[in-house]
Protein chains: 2
Amino acid sequence: MTQQTVESIPSQSRPQAHLRPAQPKAGGAPGPEDVYERIYVAILEHRLPPGTKLGEDRMARIFGVSRARIREVLARLAHEGVVELVPQRGARVARPTPEQARDIFEMRRLVEPGVVARLIRDLNPAKLRRLQGHLAEEHDARVRNDKPAVIRLSGEFHNLLAEVAGNDIMARTMRELTSLTCLIIALYDAPTTDACRDDEHAQIVDAIGDKNVDKASRLMVAHLDHIEASLDLSGVGDEVDLERVFAG
Amino acid sequence: MTQQTVESIPSQSRPQAHLRPAQPKAGGAPGPEDVYERIYVAILEHRLPPGTKLGEDRMARIFGVSRARIREVLARLAHEGVVELVPQRGARVARPTPEQARDIFEMRRLVEPGVVARLIRDLNPAKLRRLQGHLAEEHDARVRNDKPAVIRLSGEFHNLLAEVAGNDIMARTMRELTSLTCLIIALYDAPTTDACRDDEHAQIVDAIGDKNVDKASRLMVAHLDHIEASLDLSGVGDEVDLERVFAG
DNA sequence: CCCAAAAAATATGTAGACAAAATTGTTGAA
DNA sequence: TTCAACAATTTTGTCTACATATTTTTTGGG
């Protein structure tokens with residue numbers, strides 16, 4: 001990679017930092033971080049739906065950087081699972097299968113209770129305020145009816161829990177899991193659903209504030225179950241993936 | 001990445017496949033997979049100790065490939081956490097801190113019980129045989145007194161559980177966790193330890209064979225605790241990391 | 001009119017070369 | 001003798017150009 005800097009392991013974590021202009025100099029080169037961030041956010045917010053082709057040359061021109069740069073960014077996104085790289089065919093926004101979707105939720109039910117447990121273990125007022133601050137942001141986006149932001153912030157709530165909990169490995173894993181969950185929602189969300197009701201997040205934060213590990217964990221698992229239940233993973237809605245079907 | 005092929009998410013999983021000659025054509029180009037695999041295995045087996053400088057030009061000449069290829073491989077290894085990339089300073093084998101070490105074990109205690117639970121849920125004779133086959137390999141390496149292989153296979157046992165369990169996300173995460181655990185052992189293993197006793201793995205497989213989720217989970221957690229307990233994470237044994245110490 | 005095959009166009013994979021930065025070694029002065 | 005500044009070497013970061021593979025279009029035949 002180019003300058004993803006940072007110390008050993010928690011390499012490409014950093015949930016939402018870098019909210020700088022993204023295009024510092026007028027016609028200048030937008031650092032690799034900016035390119036990464038902009039594509040990543042566009043995917044999370046469903047502005048680049050699953051399956052969208054991401055041509056290298058085109059992206060290079062759009063962002064005004066060299067193709068090599070784009071390749072690096074795409075490789076990174078591919079490693080995080082939000083982009084599919086097929087050898088001689090280029091990159092597309094990933095389309096997790098229903099099976100992968102179920103696997104991801106299974107994993108989240110495993111990890112997230114551990115996250116809240118750790119978070120409660122050494123909780124302090126400052127940490128709690130960060131969580132409440134995020135709840136406010138979410139609520140705000142909701143009343144503004146800013147759909148893309150709501151989607152992104154809902155995922156970032158879970159990232160924030162892991163980050164505040166202070167375990168870098170957990171935080172990194174959660175970031176991957178929430179990204180993929182965003183894609184899954186884009187693909188399989190049953191149109192009837194009223195989406196993540198934000199009071200579930202609020203309830204979880206309340207339980208955390210009370211240092212009630214058991215309650216917080218149960219609420220978290222229930223929350224995940226609700227999200228999964230709101231999906232249609234029956235497999236028929238499978239957006240027939242021709243390439244995958246006739247691959248072997 | 002170059003041709004890491006494969007379907008969407010479980011991209012760079014593939015635990016130990018590709019054991020082909022690694023140098024197919026005499027003086028020919030050894031595909032990127034081979035380069036990756038050889039470096040990766042060398043790190044896992046402690047033949048490249050933590051902190052080892054991995055110069056691009058040198059590696060390129062060693063493997064007879066272009067520097068670009070090496071850069072890609074290094075980037076991938078960095079993303080998996082086994083290599084540290086510092087912006088203008090190049091790549092080194094990662095040196096997880098004691099804190100990161102504790103975080104990793106905390107994560108493993110969270111995930112691995114879930115892995116065995118899932119594994120038992122749809123267990124079949126073929127799967128059980130794979131596990132037993134691995135136990136045999138481990139035992140073999142032990143009686144041959146092949147230290148590097150023992151280290152690697154001990155980690156791969158855990159990867160195999162996740163792989164056989166059939167959840168790609170879990171398998172990928174486990175692969176990262178076991179890699180980092182290998183580095184941690186290289187750094188912090190107290191010399192007195194008699195290392196992972198392989199009968200612990202055997203006991204776990206037995207419990208799995210009996211479909212005893214509770215017992216298997218407990219044995220797994222105990223196993224992880226034993227490994228962690230055999231380390232010296234007191235922080236004084238910290239292989240003084242000059243850069244980190246005088247950084248701020 | 002439709003299908004098949006070939007050729008053009010587009011896009012990806014790879015390599016080599018150049019520029020910038022950092023480390024190392026050397027020289028000179030206090 | 002020791003420290004500091006300077007210079008040379010090594011190493012990383014980046015870009016541009018070329019080779020290869022794939023997709024699309026066109027052309028010819030059935």
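Below, all heavy atoms of this structure are taken into account, side chains as well, without hydrogens, waters or symmetry copies. Reminder, nothing fancy here: chain letters follow the sequence lines and each chain counts from 1.
A salt bridge links B:Glu228 with B:Arg109: the closest approach of a Lys/Arg side-chain nitrogen to an acidic carboxylate oxygen falls below 4.0 angstrom.
For A:Arg130, the side chain to side chain donor-acceptor pair (under 3.5 Å) test picks out A:Glu163, with sequence neighbours left out. With sequence neighbours excluded, the residues satisfying side chain to side chain donor-acceptor pair (under 3.5 Å) with B:Thr181 are B:Arg108. For B:Glu176, the salt bridge (Lys or Arg N to Asp or Glu O under 4.0 Å) partners two or more places apart in sequence, or in a different chain, are A:Arg172. Listed by chain and residue number, A:Arg121, A:Ala165, A:Asn167, B:Asp103, B:Glu106 satisfy the side-chain contact (heavy atoms from CB on, under 4.5 Å) test with A:Arg118 (two or more places apart in sequence, or in another chain). Taking the side chain to side chain donor-acceptor pair (under 3.5 Å) definition, one finds that A:Asp57 meets it with nothing, sequence neighbours left out. A:Arg58 pairs by the salt bridge (Lys or Arg N to Asp or Glu O under 4.0 Å) definition with nothing, not counting sequence neighbours.
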Find every protein N or O atom lying less than 3.5 Å from an N or O atom of nucleotides 6-12 of chain C, and list the pairs.
| from | atom 1 | to | atom 2 | distance (Å) |
| --- | --- | --- | --- | --- |
| C:dT12 | OP2 | A:Glu56 | N | 3.2 |
| C:dT12 | O3' | A:Pro87 | O | 3.3 |

List, with names and distances, any nitrogen or oxygen atoms from the protein found under 3.5 Å away from nitrogen or oxygen atoms belonging to nucleotides 5-7 of chain D.
none

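Rounded to whole Å, atom P of D:dT11 lies 16 Å from atom CG of B:Leu85. The nearest whole Å value for the distance from the CD1 atom in B:Ile70 to the C1' atom in D:dT12 is 14 Å.
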Pairs under 3.5 angstrom only: tabulate donor-acceptor contacts from the side chains of residues 46-54 of chain A to other protein residues two or more places apart or in another chain.
| from | atom 1 | to | atom 2 | distance (Å) |
| --- | --- | --- | --- | --- |
| A:His46 | NE2 | A:Cys182 | O | 2.8 |
| A:Arg47 | NH1 | A:Glu45 | OE1 | 2.5 |
| A:Thr52 | OG1 | A:Pro49 | O | 2.5 |

